[in-house]
Chemist: 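Would you mind keeping the following structure in view while I ask a few things?
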Amino acid sequence: MNAKGPESYIVRTFGCQMNEHDSERISGLLETDGLRRAESDDDADVVVLNTCCIRENADNKLYGTLGHLKTWKDAKEGRRIVVGGCLSQKDKDVVQSRAPWVDVVMGTHNVHRTTELLHQAIEHGPITEILEEAVIDDHALFPSALPARRETSYNAWVTIQIGCDNTCAYCIVPAVRGKEISRPFADIVNEVRHLASQGVTEVTLLGQNVNSYGRDLSLAARRDGADVSAGPQFAQLLRDVGSVDGIRRVRYTSPHPKDMRMDVLQAMAETPSVCEHLHYPLQSGSNRVLSLMHRGYTGERYLERLAEARRLMPDLAVTTDIIVGFPGETEDDFVRTLEVAAEADFDSTFTFIFSPREGTEAATMHDHFIDPAVVAERFERLRAVVERSAWLKHQAREGRIEEIIVEGPSRRNPGVTTGRTRQNKLVHFTAPHPLRPGTYATAEITRGAPHFLEGKFVEVLSEPTHKIRIPVATVNV
Ligand code: 5AD
Ligand code: SF4
């Protein structure tokens, strides 16, 4: 941007990894446009908020933050505010009417237009641009296919699919992220090759419903007369991405239990780089509630698949999401959730209190909303169950030697190094000398706590190989 325009930016991200990855794109686009990253709001000319709307408190937080940002903007000539992400996609014009000092409001389908919209707002005043649908043939759609300022140089997110075609009754995602579109298979593998050539060793494949990846591509190919089998291609994608030279760890999030097929579990088990970790969202253990949620599986079927996964991968770590207080959830329903959770023996659980999202089916079920005091009590009971299994799982790792990828010094204690095991567990350990982020090392686990492990350094397996420290990569695939 020219001398009169903004020179620095800061992006604040709320919500999921999809948003984190969009933020990397927004940063990449702004840097390509000549802006530099600021360390704080004080030092920034542009603040970008990349918002989330999956639960209610996110809304309240956004409008609170925008109130503070008005003071920030008024304090210095030329400061700009951009609001993007799921909440602006949902609220559309509401953002500008509640906070008219915002310069750009954009949605989830036009992240690639960030810099144009900023230029337009600087010239002509505040602008809101929300697109209702992604444009199918546009490669710019997939966050990974744009310039990105990746937060770390040794691991990377790779979008394989955007949107979601499911209709989970509580979920606002299909409304704000649109219908499911898979990214072409070869583009994904090429991007992973490109990342590996830059020294990235760990990739996380991102999608709302990864098991159905490629179903749309197969159907389209068949319509065009190609002799390909119908159905999803996720298992093959795992195998192909997992065999890219230099890639040591492959992760993915999130699968849907109703679509989890044996071929995916087999691909996980047979591809050494695919990590022994499955995020497997349960949501509820009660068949009645699962049916009201339109989840398409029962508690029994969920547990059966999980048992098969563990049979193929005995050292599999399993994490989950559970919603407490879905409309109409009875004490019996909730007890069933406790039972299924106990039997599933999770390594870690994200527990959420049901939050009605306007526009979803569950939001219309107000006659059946659960008393908040009952929900709070259930939440605590569930927490006790899932913490117990997490702690036991972590204690069971004491004495084992684990492979760790180093993330860097611990935030709380810079003398301690943190990293992640293949099971995605956070490990704090003391190394005899500083280890660079991206180093592979081993540590002996000395203590398992409910949410992390502690360990004793054993040896370095390999030094990081990434070539650029802070890459601004334009991926042309
Ligand atoms: N209320 C509470 N939790 C929700 N989630 C999604 N929508 C809602 C909602 N309306 C949870 C689900 C999902 C996770 C990302 O967020 O458990 O898996
Ligand atoms: Fe939401 Fe269900 Fe789609 Fe996940 S699968 S994004 S919970 S609608």
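Any value given below was found using the heavy atoms of this structure, including those in side chains, with hydrogens, waters and symmetry copies removed.
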Chemist: With heavy-atom distances below 4.5 Å as the criterion, would you say the side chains of T201 and N155 are in contact?
Modeler: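 With C-beta onward as the side chain, the pair stays apart.
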
Chemist: Could you walk me through whether T337 and I322 pass side chain to side chain contact (heavy atoms under 4.5 Å, CB included), step by step?
Modeler: CA-CA 9 Å; T337 297; I322 298 178; 3.8 Å; yes

Chemist: Step by step, work out the side-chain hydrogen bond (donor to acceptor under 3.5 Å, both in side chains) result for K258 and N211.
Modeler: CA-CA 9 Å; K258 88 174 155 60; N211 313 80; over 6 Å; no

Chemist: Between R80 and D103, is there a salt bridge with N-O shorter than 4.0 Å?
Modeler: yes

Chemist: State, yes or no, whether a side-chain contact exists between D41 and R12 at a heavy-atom distance under 4.5 Å.
Modeler: yes

Chemist: With sequence neighbours excluded, what pairs up with E463 under the side-chain hydrogen bond (donor to acceptor under 3.5 Å, both in side chains) test?
Modeler: none

Chemist: When you compare the side chain of T65 with that of L49, does any pair of heavy atoms fall below 4.5 Å?
Modeler: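 Answer yes - side chains close enough.
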
Chemist: So with a 6.0 Å cut-off around CZ of F350, is the heavy-atom count from everything else above 12?
Modeler: no

Chemist: If you look only at pairs with a residue in residues 407-429, which of them pass as a ring pair (Phe, Tyr, Trp, His ring centres under 6.0 Å), with sequence neighbours excluded?
Modeler: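 Sorted result for residues 407-429: H428-F452.
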
Chemist: Who passes side-chain hydrogen bond (donor to acceptor under 3.5 Å, both in side chains) against Q17, sequence neighbours left out?
Modeler: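 Per chain and number, Q17 pairs via side-chain hydrogen bond (donor to acceptor under 3.5 Å, both in side chains) with no residue.
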
Chemist: With the side chain counted from C-beta on, respond yes when I160 and F234 share a heavy-atom pair under 4.5 Å apart, and no when they do not.
Modeler: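 In short, these two side chains touch, coming nearer than 4.5 Å.
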
Chemist: Distance only, no hydrogens: is a donor on one side chain within 3.5 Å (strictly under) of an acceptor on the other, for D347 and H277?
Modeler: no

Chemist: Determine the minimum heavy-atom distance between I10 and A44, stating which atoms define it.
Modeler: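 Shortest heavy-atom separation between I10 and A44 comes out as CG2-CB, 3.9 Å.
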
Chemist: List the steps, then state whether ring-ring contact (aromatic ring centres under 6.0 Å, His included) holds for F379 with F352.
Modeler: CA-CA 8 Å; F379 188 85; F352 303 103; 8.9 Å; no

Chemist: Under the side-chain contact (heavy atoms from CB on, under 4.5 Å) test, which residues partner V375, sequence neighbours left out?
Modeler: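 Here the qualifying residues are V324, I353, I370.
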
Chemist: Could you list all the salt bridge (charged side-chain N to carboxylate O under 4.0 Å, His left out) pairs where at least one residue sits in residues 198-209, not counting sequence neighbours?
Modeler: E202-R249, E202-R251

Chemist: Quick check: do L206 and V158 have side-chain heavy atoms less than 4.5 Å from each other?
Modeler: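 Answer no - side chains too far apart.
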
Chemist: Answer yes if the side chains of E20 and T13 hold a donor-acceptor pair under 3.5 Å, and no otherwise.
Modeler: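 No, because no side-chain N or O of E20 sits under 3.5 Å from a partner of the opposite role on T13.
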
Chemist: With Y213, which residues qualify under ring-ring contact (aromatic ring centres under 6.0 Å, His included), at least two apart?
Modeler: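 Applying ring-ring contact (aromatic ring centres under 6.0 Å, His included) to Y213 gives none.
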
Chemist: Let me see the working for E361 and H294 under side chain to side chain contact (heavy atoms under 4.5 Å, CB included), right down to the final yes or no.
Modeler: CA-CA 10 Å; E361 188 185 336; H294 309 308; 2.7 Å; yes

Chemist: What residues, two or more places apart in sequence or in another chain, satisfy side-chain contact (heavy atoms from CB on, under 4.5 Å) together with S27?
Modeler: Y9, V11, R149

Chemist: Ion pair present between R36 and E7, side-chain N to carboxylate O less than 4.0 angstrom?
Modeler: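 No, no charged N to carboxylate O under 4.0 Å.
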
Chemist: Got F326 and S284 here, is their nearest side-chain heavy-atom distance under 4.5 Å?
Modeler: no

Chemist: Does any part of the side chain of I323, heavy atoms only, come nearer than 4.5 Å to the side chain of Y170, both counted from C-beta?
Modeler: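 Touching, per the 4.5 Å side-chain cut-off.
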
Chemist: Would you say I405 and T439 make side-chain contact, with heavy atoms under 4.5 Å?
Modeler: no

Chemist: Do the side chain of K179 and the main chain of G163 share a donor and acceptor less than 3.5 angstrom apart?
Modeler: no

Chemist: If the test is side chain to side chain donor-acceptor pair (under 3.5 Å), which one of D321, T253, T320 qualifies with H279?
Modeler: D321

Chemist: Under the salt bridge (charged side-chain N to carboxylate O under 4.0 Å, His left out) rule, what do E402 and R420 come out as? Steps first, then yes or no, please.
Modeler: CA-CA 9 Å; E402 301 261 2; R420 293 210 175 247; over 6 Å; no

Chemist: Any donor-acceptor pair under 3.5 Å linking the side-chain atoms of H21 with those of E24?
Modeler: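 There is such a pair between these side chains.
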
Chemist: Please enumerate all residues that pass ring-ring contact (aromatic ring centres under 6.0 Å, His included) together with Y280, with sequence neighbours excluded.
Modeler: Y302

Chemist: Checking S23 against N50: is there a side-chain donor and acceptor pair closer than 3.5 Å?
Modeler: yes

Chemist: Hydrogens and angles aside, do D91 and Y63 bring a side-chain donor and acceptor to less than 3.5 Å of each other?
Modeler: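 Yes - a donor-acceptor pair under 3.5 Å links their side chains.
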
Chemist: With sequence neighbours excluded, tell me which residues meet side-chain contact (heavy atoms from CB on, under 4.5 Å) with D216.
Modeler: I181, S182

Chemist: Evaluate I404 against L461 for side chain to side chain contact (heavy atoms under 4.5 Å, CB included), listing each step before the verdict.
Modeler: CA-CA 9 Å; I404 292 164; L461 297 177; over 6 Å; no

Chemist: Please determine whether the number of non-hydrogen atoms from other residues, nucleotides or ligands lying under 6.0 Å from atom CD of E358 exceeds 12.
Modeler: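 Count not over threshold, so no.
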
Chemist: According to salt bridge (charged side-chain N to carboxylate O under 4.0 Å, His left out), who are the partners of E329, at least two apart in sequence or on a separate chain?
Modeler: R378

Chemist: Could you tell me whether R248 and E403 make a salt bridge, using a distance below 4.0 angstrom between a side-chain N and a carboxylate O?
Modeler: yes

Chemist: Please enumerate all residues that pass salt bridge (charged side-chain N to carboxylate O under 4.0 Å, His left out) together with D74, with sequence neighbours excluded.
Modeler: K70

Chemist: I'd like to check the side-chain contact (heavy atoms from CB on, under 4.5 Å) partners of R215; sequence neighbours left out, ordered by chain and number.
Modeler: S212, P232, D259

Chemist: Would you say that more than 12 heavy atoms from the other residues, nucleotides or ligands in this model lie under 6.0 Å from the NZ of K61, or not?
Modeler: no

Chemist: Before you tell me yes or no, could you show the steps for R295 and H256 under side-chain hydrogen bond (donor to acceptor under 3.5 Å, both in side chains), namely the whole-Å CA-CA distance, both residues' side-chain angles and the distance that decides it to 0.1 Å?
Modeler: CA-CA 9 Å; R295 288 290 287 174; H256 193 308; 3.3 Å; yes

Chemist: Has R357 got a side-chain atom pairing as donor or acceptor with C53's backbone, closer than 3.5 angstrom?
Modeler: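 Here the side-chain-to-backbone pair exists.
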
Chemist: Between the side chains of H451 and E387, is a donor N or O closer than 3.5 angstrom to an acceptor N or O?
Modeler: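 Per modelled atom types, H451 and E387 side chains form a pair under 3.5 Å.
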
Chemist: Which heavy-atom pair separates Q161 from V210 by the least distance, and what is that distance?
Modeler: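 Reported closest heavy-atom pair: OE1-N, 3.6 Å.
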
Chemist: May I have the step-by-step check of side chain to side chain contact (heavy atoms under 4.5 Å, CB included) for H119 and D33, ending in yes or no?
Modeler: CA-CA 10 Å; H119 286 284; D33 204 39; 2.9 Å; yes

